[in-house]
Number of protein chains: 2
Amino acid sequence: MTVSRVVSGDGYVSEETREKVLKAVKELNYRRNGLARSLKRQFTETVGLVLGDISNPYSTELARAVRETLLEQGFNLFICISESGAKEDVIAFESLANHSVDGIIVATRSNEAGDRYLSDLVDTNVPVVAIGRDLTHKNIDFVSPDNLKGGFDATQHLIDLGHKRIAFIGANLRSGSNLKRLQGYIDALEQHDIPVDERLITGRSEGIADEVGYSTEEIGFEGMKRLLSLPDPPTAVFARNDFTAIGAMRAISEAGLKIPNDIAIVGFDDIPLAARMSPSLTTVRQPMRAEGQIAAEMLLERITGKANISRRERILDCELIVRESSGHRRQ
Amino acid sequence: MTVSRVVSGDGYVSEETREKVLKAVKELNYRRNGLARSLKRQFTETVGLVLGDISNPYSTELARAVRETLLEQGFNLFICISESGAKEDVIAFESLANHSVDGIIVATRSNEAGDRYLSDLVDTNVPVVAIGRDLTHKNIDFVSPDNLKGGFDATQHLIDLGHKRIAFIGANLRSGSNLKRLQGYIDALEQHDIPVDERLITGRSEGIADEVGYSTEEIGFEGMKRLLSLPDPPTAVFARNDFTAIGAMRAISEAGLKIPNDIAIVGFDDIPLAARMSPSLTTVRQPMRAEGQIAAEMLLERITGKANISRRERILDCELIVRESSGHRRQ
DNA sequence: TTACGATAAGTTATCGTTAACATACTCTCC
DNA sequence: GGAGAGTATGTTAACGATAACTTATCGTAA
């Protein structure tokens with residue numbers, strides 16, 4: 001007990017004893033066992049963050065913002081990667097739960113088994129906040145960019161530039177955020193009385209791995225090739241995210257066409273690469289840092305929290321960043 | 001005890017009892033407490049990875065390789081970020097140690113307090129493997145790209161193209177891997193009887209934050225500006241890494257000079273962005289995946305290991321990727 | 001003098017598991 | 001019918017810390 005008092009530095013210990021203990025600690029190479037400590041104390045001051053595609057700058061910015069916010073409050077962050085769907089989601093949640101983290105922030109895409117496991121966790125009083133994950137539960141907070149408005153703005157921008165045949169690349173009915181971007185695209189078209197042409201909305205092509213998040217560039221490439229083979233190809237493209245847009249740009253170049261003269265293109269996210277592309281990519285900027293910070297704050301409120309807070313939602317504004325790839329107004 | 005047997009799924013339990021237990025588990029929302037379990041069992045099947053700059057694709061590729069290798073053996077991975085030096089290193093190591101991970105892979109730059117803490121951990125039998133971290137300890141394995149040869153090859157390439165005034169950007173005497181790259185640069189010059197000009201070796205400029213790993217682009221930008229202001233500026237530049245090279249390229253462009261005609265440039269790492277730059281960046285490719293995989297394998301051997309293995313070192317070959325930014329041979 | 005608070009250290013029970021051992025029953029085979 | 005193996009469950013004692021309580025000493029204010 002006296003050792004405990006010395007090591008944790010509170011309670012009464014005489015200077016003399018403290019020194020003896022510290023000496024013994026050094027000699028015996030003693031380290032306090034964190035498991036036993038946490039077991040007794042019932043908290044770990046640690047939070048878990050589950051990320052999908054860690055190669056995406058979107059994820060890493062998010063992680064940095066989350067971490068900074070937690071660190072201010074003395075909480076540590078463990079990041080788990082879940083690259084390919086439900087099974088890995090569950091593994092990640094499970095391992096975080098096994099280490100008794102005080103709360104979890106999830107930023108992977110929704111899937112049935114993962115959602116079920118999360119619900120169970122929440123039911124055993126583990127605080128959870130979801131970022132962009134389409135998961136409705138009465139005790140899970142939700143932070144997301146305004147994908148609907150973002151999709152709308154991107155499309156509106158292309159319409160304003162005089163385009164009528166505007167394609168959407170990378171539709172994925174299972175992904176909630178993506179669905180919203182697609183919905184924004186459709187809303188914008190309808191508002192301007194432009195008919196929605198199903199053939200201009202490309203989804204995943206069958207040959208490409210389904211669950212893997214990071215190969216979206218390939219999806220863009222394949223999708224664009226398909227669009228270019230249409231009898232009446234689009235003059236503009238809105239891609240679900242920047243990687244998809246970049247893949248589409250490659251397909252356009254390889255077809256010998258010019259961006260933005262032949263085809264204008266808009267992406268989503270504003271990853272650092274977007275500004276450096278040639279031509280630079282017009283895109284919708286997500287407030288990644290804000291998302292991370294708000295999610296962390298919400299989680300901390302739940303952890304240190306007074307009673308059960310019920311579900312809160314925060315939808316954050318996105319900003320259209322106009323660059324070269326969308327070009328100038330057409331006649 | 002019977003519950004334990006049911007939940008962990010080994011030992012004799014009758015079908016009838018098992019079902020009763022599972023029913024109760026569901027009803028009571030029971031979850032096995034991982035802390036208590038690990039406390040008793042003395043292992044967690046979890047490994048910690050400490051990364052510096054998580055925004056750098058180098059780190060994320062590493063993390064993915066590490067994770068894949070661990071997952072095959074049923075180990076989980078927790079990633080900790082340590083962005084700015086010793087204090088955060090120690091926090092990361094400490095929080096991993098507190099959660100009793102079975103081993104730690106460190107990929108941050110060396111610093112005194114961090115190294116000391118790591119040594120202490122190793123002395124309490126926590127297996128540790130260092131990636132690119134200049135840390136010599138009899139029980140810490142070491143994996144690294146061949147920075148010396150990489151630096152040599154990059155410089156040799158510029159010499160072969162006919163350059164005599166070749167600068168080095170981003171010298172940082174504290175970083176071991178960087179030092180090796182610089183040494184390779186010096187070796188190459190000396191081997192070709194080109195005098196080493198101190199003014200052509202730029203270090204960190206004083207105004208820039210010291211410890212932060214990810215602002216190397218700024219270092220490249222500032223360093224290049226300084227080089228351009230010399231009475232006799234270089235005709236070629238070798239940058240410590242691709243971000244630094246990209247910063248230098250920006251400075252060159254802003255000065256109205258052309259790459260590679262006025263100044264040739266070579267980077268290090270081969271991040272995805274390198275190939276997409278305009279002009280595309282000649283660089284030295286690091287075998288990031290191999291580094292991660294080998295480090296994970298070494299760690300697993302230590303964890304599941306028979307007796308004390310003593311320090312092993314693996315230096316991996318790099319590959320010069322010639323692109324546009326180094327240009328053609330000069331007269 | 002008494003009493004009370006501050007200081008210092010020890011005792012006990014507990015956090016939630018599981019390894020190891022103990023007990024009991026059933027079956028099979030010689 | 002008894003030995004031995006296989007099945008099913010229960011008991012005990014850790015794992016290593018700490019919260020809460022107890023005991024003891026000392027100084028000092030009433």
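In what follows, chains carry the letters A, B, and so on, assigned in the order in which the sequence lines appear, proteins first and then strands, with residues in each chain numbered from 1. Note that this is a predicted model, so its numbers are computed, not measured.
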(message) What's A:Ser38 touching, base or sugar-phosphate or nothing? Going by heavy atoms closer than 4.0 Å.
(response) nothing

(request) To the nearest Å, give me how far apart CZ (B:Phe43) and P (C:dT17) are. (result) 16 Å

(request) Take the protein atom CZ of B:Arg18 and the nucleotide atom P of D:dT7, then report the distance between them rounded to whole Å. (result) 13 Å

(request) Give B:Ser8 one of three labels, base, sugar-phosphate or nothing, depending on what nucleic acid heavy atoms sit under 4.0 Å from its own. (result) nothing

(request) Could you state the atom-to-atom distance from NZ of A:Lys20 to P of C:dA8 in whole Å? (result) 13 Å

Grab the N/O contacts between the protein and nucleotides 12-16 of chain C below 3.5 Å, and write none if there aren't any.
residue, atom, partner, partner atom, Å
C:dT14, O2, A:Lys40, NZ, 3.4
C:dC15, O3', A:Gln42, NE2, 3.4
C:dG16, N2, B:Ala36, O, 3.4

(message) Closer than 3.5 angstrom, by distance alone: can the side chain of A:Asp102 be matched with the main-chain N or O of A:Thr44 as a donor-acceptor pair?
(response) yes

(request) Indicate whether OP1 or OP2 belonging to C:dT7 is found under 4.0 Å from a side-chain N or O atom of A:Tyr12. (result) yes

(request) Round to a whole Å and report the spacing from CZ of B:Arg5 to C1' of C:dT17. (result) 13 Å

(message) Checking A:Asn29 against B:Thr124: is there a side-chain donor and acceptor pair closer than 3.5 Å?
(response) no

(request) Tell me whether the OP1 or OP2 atom of D:dA8 has a side-chain N or O from B:Thr2 closer than 4.0 Å. (result) no

(request) State, without any angle test, whether A:Ser82 and A:Asp89 hold a side-chain donor-acceptor pair at a distance under 3.5 Å. (result) yes

(request) Take atom NE2 of B:His99 and atom C1' of D:dA17, then tell me their distance rounded to the nearest Å. (result) 15 Å

(request) Check each of B:Arg314, B:Arg311, B:Arg302 against B:Asp141 using the salt bridge (charged side-chain N to carboxylate O under 4.0 Å, His left out) test, and report the only one that passes. (result) B:Arg302

(message) Side-chain N or O of B:Ser4 versus OP1/OP2 of C:dT18: is the shortest distance under 4.0 Å?
(response) yes

(request) Mind telling me whether A:His99 and B:Phe78 have parallel, tilted or perpendicular rings, with 30° and 60° as the class edges? (result) perpendicular

(request) Report the residue (B:Val13 or A:Val7) whose heavy-atom-nearest nucleotide on DNA chain D is the more 5′ of the two. (result) B:Val13

(request) Take atom CD of A:Glu19 and atom P of C:dA9, then tell me their distance rounded to the nearest Å. (result) 12 Å

(message) Give me the atom names and distance for the closest heavy-atom approach of B:Gly52 to B:Ile81.
(response) O-CG2, 3.6 Å

(request) Give the minimum heavy-atom separation between A:Arg312 and A:Met298, together with the two atoms involved. (result) NH2-O, 3.4 Å

